Amino acid sequence: MHAAAAPAPTAPATAPVDAACTLVQRLQGGLGNQLFQIAFARKLARASGAALAYDIDSFGHDAYGRVPLLHRLLPDAPVLRVATLPPATTRLLPESAFPLPARGPMPARFALPAGLTHLVLDGYWQDHRVVDADDAALLSAALAAQLPASAAPIAERVRTARCPVSLHVRRHDYKHHGLCAEAYYLDTLAWLQRRHGALDLFVFSDEPNYTRHLLRSAGWTGQLVHSGSDVGDLHLMALCRHHVISNSSYSWWGALLSGSDDVVCPAPWSFIGHVSPQLCPPHWRRVQGAVEQLVSTQRFTDQLEQHDPGRGDAPSPEEAPWTNACA
């Protein structure tokens with residue numbers, strides 16, 4: 001079922017109670033994206049008085065094989081299938097139709113469109129203002145409970161380190177957003193060391209070999225962290241007191257849940273789609289120009305033009321012509 005679009009919720013002066021309507025958040029994407037969706041949906045449910053459920057059908061055809069993390073974090077969260085909801089009283093609220101305020105706090109109260117049984121929320125809602133302190137504490141505790149027992153020694157090393165720094169290097173399948181420049185990571189580590197002295201570096205990366213070689217080439221040593229669980233790794237990241245994050249919602253959440261005042265983040269966040277100007281908390285230190293452009297400025301035209309036009313496709317004397325072995 002494709003739900004029709006709904007008018008955006010409005011901010012009334014008094015607290016509404018709409019127990020007759022259920023918000024249904026479509027969960028999609030990786031762990032960081034799902035956390036944003038959960039936080040936004042919980043905030044809107046509280047502000048409108050509506051009930052809340054989640055739809056996880058997108059993971060049945062997720063191109064990356066990602067899975068819903070809802071019940072690992074919130075075991076009792078109700079699930080509904082949007083495809084089974086009554087079309088006449090179900091409406092879709094896409095993120096594009098409900099832009100968050102450009103500045104200032106989010107309204108504390110929202111009134112939902114009248115006459116609905118279900119309002120389907122479809123978006124990523126990446127904005128630091130959607131995360132309440134109570135939800136941050138709830139999600140932090142849920143992550144801690146998912147830490148594998150085998151990772152307890154790593155957690156203890158992070159807790160007892162003098163200056164634990166989380167470094168997140170995100171690269172896999174991320175070029176379309178833009179990759180953080182190597183100099184961003186290395187210069188930020190050097191800056192942190194000048195401020196704090198020797199760093200206890202804990203490194204999180206989806207390309208560990210690349211990251212290991214990058215750091216070693218610049219004289220850095222640290223511990224590559226892999227607990228065997230993406231949820232466990234996020235908890236370990238959140239235990240650190242200083243953060244160098246990539247333009248990824250995963251390390252965004254690691255930094256936010258840590259409660260740290262010492263977070264360095266790259267800008268611009270992405271070269272595609274809309275990015276909320278309120279994505280990162282204002283006290284995080286933004287490094288402009290840290291994300292490399294999607295299209296490289298390197299050109300190969302001159303090399304290609306140097307090809308001998310008289311040669312055509314004929315093989316050189318050193319090359320044997322390709323033959324069909326089945327001929």
Side-chain angles (χ1 to χ4, degrees), residues 29-33 35-36 64 66 124 126-128 163-196 199-226 230 233-234 236-258 260-298:
L31 174 54
N33 287 328
L35 288 173
F36 269 116
Y64 296 94
R66 293 171 296 203
Y124 290 91
Q126 295 189 355
D127 188 302
H128 82 273
C163 187
V165 176
S166 165
L167 172 71
H168 183 224
V169 180
R170 169 75 184 268
R171 291 181 59 83
H172 179 66
D173 194 37
Y174 222 59
K175 179 70 172 176
H176 57 302
H177 286 288
L179 298 176
C180 290
E182 294 177 350
Y184 161 71
Y185 295 120
L186 300 177
D187 288 355
T188 303
L189 290 177
W191 176 76
L192 285 170
Q193 184 168 256
R194 289 194 297 271
R195 294 181 69 204
H196 302 291
L199 307 180
D200 298 290
L201 188 58
F202 296 91
V203 183
F204 304 80
S205 179
D206 56 1
E207 286 196 9
N209 287 335
Y210 161 84
T211 303
R212 183 185 297 109
H213 287 289
L214 171 65
L215 295 175
R216 284 180 177 174
S217 69
W220 289 100
T221 59
Q223 178 170 357
L224 277 164
V225 178
H226 180 61
D230 53 355
D233 283 355
L234 188 58
L236 294 171
M237 189 182 289
L239 292 179
C240 293
R241 291 198 297 272
H242 312 273
H243 294 263
V244 183
I245 72 172
S246 64
N247 52 331
S248 163
S249 60
Y250 186 81
S251 51
W252 186 99
W253 276 99
L256 185 94
L257 294 178
S258 75
S260 173
D261 291 328
D262 199 11
V263 179
V264 180
C265 58
W269 191 258
S270 175
F271 289 109
I272 63 173
H274 170 73
V275 178
S276 169
Q278 299 289 339
L279 170 61
C280 296
H283 65 275
W284 288 9
R285 184 179 296 270
R286 292 171 173 80
V287 178
Q288 296 293 334
V291 178
E292 296 174 335
Q293 289 282 352
L294 176 62
V295 179
S296 171
T297 58
Q298 187 176 8

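Remember, it's a predicted structure, so these values are computed and weren't measured experimentally.
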Just to verify, what does R171 make a salt bridge (charged side-chain N to carboxylate O under 4.0 Å, His left out) with, not counting sequence neighbours?
E207

Would you mind reporting whether Y210 and V169 have side-chain heavy atoms less than 4.5 Å apart?
yes

Determine the minimum heavy-atom distance between H168 and S248, stating which atoms define it.
CE1-OG, 3.6 Å

Rounded to the nearest 0.5 Å, the CD atom of Q126 sits from the OG atom of S249 at a distance of 5.0 Å

Once you round to the nearest 0.5 Å, how far does CE of M237 lie from CG of L257?
10.5 Å

For W284, enumerate each residue passing the ring-ring contact (aromatic ring centres under 6.0 Å, His included) test, keeping only those at least two apart in sequence or located in another chain.
W252

Spatial distance of atom OG1 (T221) from atom CG (L215) [nearest 0.5 Å]
9.0 Å

Here's a test for you: under ring pair (Phe, Tyr, Trp, His ring centres under 6.0 Å), which of Y250, W253, Y124 qualifies with F36?
W253

Measure across I272 and H176 and return the closest heavy-atom pair with its distance rounded to 0.1 Å.
CG2-O, 3.4 Å

Shortest non-hydrogen contact from R285 to W191?
NE-CH2, 3.1 Å

Could you tell me if the side chain of R195 sits less than 4.5 Å from the side chain of D262, heavy atoms only?
yes

For the student: nearest non-hydrogen atoms of H283 and S260, plus distance
NE2-O, 3.6 Å

With rounding to the nearest 0.5 Å, note down the distance linking SG in C163 to CG in L201.
10.0 Å

Contact list for residues 266-279, test side chain to side chain donor-acceptor pair (under 3.5 Å), sequence neighbours left out
D127-S276, H177-S270

Going through the checks in order, is the side-chain contact (heavy atoms from CB on, under 4.5 Å) test met by T188 and L167?
CA-CA 10 Å; T188 303; L167 172 71; over 6 Å; no

For the SG atom of C280 and the CG atom of L256, what is their distance to the nearest 0.5 Å?
9.5 Å

Nearest heavy-atom pair of Y185 and C180: which atoms, and what distance?
OH-CB, 3.3 Å

On a heavy-atom basis, the closest approach of S246 and P266 is C-CG, 3.7 Å

Under 4.5 Å between any side-chain heavy atoms of L234 and L35, yes or no?
yes

Main-chain N/O of G178 paired with N247 side-chain donor or acceptor, under 3.5 Å
yes

Hey, what do you get for CG (L192) to NE2 (H243), rounding to the nearest 0.5 Å?
11.0 Å

Is there a side-chain contact between F202 and L236, using heavy atoms and a 4.5 Å cut-off?
no

Y184 and V244, any side-chain heavy atoms less than 4.5 Å apart:
yes

Are side-chain heavy atoms of P164 and L239 found at a separation under 4.5 Å?
no

Does any part of the side chain of V287, heavy atoms only, come nearer than 4.5 Å to the side chain of D187, both counted from C-beta?
no

Pairwise side-chain contact, H226 with P208, heavy-atom cut-off 4.5 Å (strictly under)
no

